[in-house]
2 protein chains.
Amino acid sequence: MSNTIPYKIYLSEEEIPENYYNVRADMPIKPAPLLNPGTLQPLTAEEMEPIFCKELVQQELNNTDRLIHIPKAIRDFYKMYRPSPLVRAYCLEDRLGTPAHIYYKFEGNNTSGSHKLNSAIAQAYYAKQQGLKGVTTETGAGQWGTALSMACSYFGLDLKVFMVKVSYEQKIYRREVMRTYGASVTPSPSDTTEIGRKILEEFPGTNGSLGCAISEAVEVATKTEGYRYVLGSVLNQVLLHQSIIGQEVKTALDKYGVKPDLIIGCCGGGSNFGGLIAPFMGEKLRGEADYDFLGVEPASCPSFTRGKYVYDFCDTGEVTPLAKMYTLGNGFIPSPNHAGGLRYHGMSSILSELYDEGFMRVRTAEQSEVFEAAEEFARCEGILPAPESSHAIRAAIDEAVKCRETGQAKNIVFGLTGTGYFDMTAYQKFNDGEMTDEIPTDEDIAKGLATVPQFPGNEI
Amino acid sequence: MSNTIPYKIYLSEEEIPENYYNVRADMPIKPAPLLNPGTLQPLTAEEMEPIFCKELVQQELNNTDRLIHIPKAIRDFYKMYRPSPLVRAYCLEDRLGTPAHIYYKFEGNNTSGSHKLNSAIAQAYYAKQQGLKGVTTETGAGQWGTALSMACSYFGLDLKVFMVKVSYEQKIYRREVMRTYGASVTPSPSDTTEIGRKILEEFPGTNGSLGCAISEAVEVATKTEGYRYVLGSVLNQVLLHQSIIGQEVKTALDKYGVKPDLIIGCCGGGSNFGGLIAPFMGEKLRGEADYDFLGVEPASCPSFTRGKYVYDFCDTGEVTPLAKMYTLGNGFIPSPNHAGGLRYHGMSSILSELYDEGFMRVRTAEQSEVFEAAEEFARCEGILPAPESSHAIRAAIDEAVKCRETGQAKNIVFGLTGTGYFDMTAYQKFNDGEMTDEIPTDEDIAKGLATVPQFPGNEI
């Protein structure tokens, strides 16, 4: 069978899923609800609607419908860059001399350069449907901001991005992509918001942080007529939209009669891994099939493997609702690892619950071994991967090498979330032999966890 | 019919052409041969072999075989990123309100980010087959160097790139991509070659030039055991390899019964446009079909439209053979237009002959109108185009708008050669309203043409 599998399995546009796959419907224990930090009660739709679009609030709260219809306008946009290819890594297999069959789902073939566009276009669509004028968001390294700027430009929606100041100044390429798509990009903290002015007064000359940028974006969204706030990871709705990845993988593999043994993805807030495994996890939860799921997180920001499963704020500024998740504490300061998209203290509540119940495994990877894998992959597979995605490559290579030792012909599938075109300064460090691994000490971890809010039932 | 055409027409891997298409076989008047500048006699294979790989010399001189077989190893590599999609620009059509049907062949879905890889992999393969240790080349903006570094890494071939010094220092992203693929990258002029040392002595602190980088690369290739020199455009062999683009376009359109009326491509040295039109031009030359071919060159470097059809050196340093081509003179200094890949004084001899005989049209485009088109395209089609490719977009939009006025439902096909990820500083200039158009004066043109070598029959 295997010799009939092409290098790239492309599906037709008719094979783009017609529904998002909501894995929460299959979970016997549902992910914990968001809490209002003031009342410690589950957040109601009414409380969420001043911040988020109505339809997205419904999706956030929907734990029961397995399939949620994808509107035609979103599917039409998907047709411009989807279905994305599922690639059989023949060259990598040869190089490793492994009996394993390695597949990767490549999400980097769009201008935003990553899977983020899958959710951005959905969120922009629902905002437009609601008759909003625009949306606000924050961005760090800029992948989410780029995707959202494309999506908003397509639907003629205004977009205000608050970009962490140090990134605004250093990641000028990404900033200019956003501007080319018509977004206004403001370095955060800025003097355009109350919270920004307050921070600038307290810390003149600060470089900014994601926490502060979130606070500014939320402030503008709630204070400006016709605007709402949108987010690119962590939330249930985001994992829902990203389920298009996993469904396409399943359709492509089914076509060739291939059953994956092991599915690997990198984990930052969980948007990619949650979407990649969704339909497979559904089968596992329903007892219809078994799969080995392996998440990979940076050793420098090990939310799953060294964090605690408790309620915490989603941002460092403590302005968001509380989410139950594996967290290192909202005040945890990760070392400046180059995989900016994985530098998040918390984790999706869905994945947190699934991990807690033992339905998936997680490992860490150190930065330099990740770049070694990235380089090896690039040289034989011809795609220069993002540092985030390369965490999954590291794990896939390690698992394929194990197969060489055991002789097992496992089917390994991993998510290649994006390209590394905007990460060449990180590659330069690696090429120059100057890359370091900074693993937090037990003291660093304890310091971070001390910032988790303490209330009855939420003790560390 | 049109409503059955998907957004993206993907061919299967079996549909990758088995042969390169050599349009010279169809030309009643063949392109003029390269001349030895010393003797002014046509260059023989023996004279070329110390510089170029043997098989490539044969391809360079082959004016008779229409089909030249693509070896399996090259086709296997092509399978990693080809067939490339032919995209129906539904969103752009809607935006323009045109009855025209617009298609583009997208060559940017590989790490090198452009069509250059099509020839790079072929050239690396033939070098490997010949038992060479490595190859040398020059690169300016870095697109060719990037593609070649991928190709050499795949075949385990050493690569020495001479990168124009100012690009080496400013285009660090591209430089690091090459290094990640294992190439050695030397800023030119360097003290590693005789010509480099001579130039450094004469002009200490010089920024370098493509002419100088070519000279260094050729010197190292001819003086180092087991090395040859390779080039990414202009030569017949390069257009031959790039014919894979046009053949895939033809196969895809044939599948849906679509006959293109107008085929558009940007022109620098001619590698993309020559490859895109090859099989269609063959039909036209044989009288089997008629097509309108439109090349687009920058107004700042108008080789076709303001140059002369004479013999000239391929480089500013006057170390290469003489090629008959439309040229602005090897000493012509184009303004610092951001489409680095189109900033070349000469043009493919094949395209020059076809243009001279009236088989194709050429127009110019100014830089700011090119970026306007790029932005419009990006916002609706979701691909951020390279400045080079955007010349073709400009012309396609203009032609589609004409169709709106005439009511003609023309089938317009253009080549989208690559992505603009590494050109964001140019986009920034455009976003900031600081982009200028610098069109050479008649005096500039005359000054350039004065550097064309003068000999009987080659007078300006």
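In this text, all values refer to a predicted model and were calculated from it rather than measured experimentally. Here is how names work: the chains are called A, B, and so on, in the same order as the sequence lines, proteins then strands, and each is numbered from 1.
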Most contact-rich option vs chain B, by heavy-atom pairs under 4.5 angstrom, among A:Lys8, A:Arg174, A:Met150, is A:Lys8
> Would B:Ile383 and A:Tyr81 satisfy side-chain contact (heavy atoms from CB on, under 4.5 Å), going step by step from the backbone distance to the final call?
Replying inline: CA-CA 9 Å; B:Ile383 292 172; A:Tyr81 72 101; over 6 Å; no
Ranked by heavy-atom pairs below 4.5 Å to chain B, first place among A:Glu14, A:Glu381, A:Arg95, A:Arg179 goes to A:Arg179
Tightest non-hydrogen contact, residues A:Glu375 and B:Thr180, listed as CG-O, 3.5 Å
Heavy-atom nearest pair, A:Met80 first then B:Cys91, reads SD-SG, 3.3 Å
Closest non-hydrogen contact found for B:Ile172 with A:Gln428 is CD1-OE1, 4.0 Å
Turns out that what part of B:Val87 lies under 4.5 Å from chain A's heavy atoms comes down to neither
Of B:Asp76, B:Asn431, B:Leu384, the largest count of non-hydrogen pairs under 4.5 angstrom with chain A goes to B:Asn431
Can you tell me if B:Glu176 uses its side chain to pair, donor with acceptor, with the backbone of A:Thr425 under 3.5 Å? no
Interatomic distance, CZ@B:Arg82 vs OH@A:Tyr7, rounded to 0.5 Å, equals 15.0 Å
Max heavy-atom pairs within cutoff under 4.5 Å with chain B, candidates A:Tyr154, A:Tyr181, A:Phe430, A:Phe77, goes to A:Tyr181
Pair count under 4.5 Å, heavy atoms only, with chain B: among A:Ala151, A:Gly108, A:Cys152, A:Ser153, highest is A:Ser153
key: Aromatic ring proximity A:Tyr421/B:Phe422, centre distance under 6.0 Å   = yes
In this structure, are over 12 heavy atoms from other groups packed under 6.0 Å from B:Lys79 atom NZ?
-> yes
Scored by heavy-atom pairs under 4.5 Å with chain A, the best of B:Asp423, B:Thr419, B:Val177 is B:Val177
When rounded to the nearest 0.5 Å, the distance separating OH of B:Tyr427 from CZ of A:Arg175 is 16.0 Å
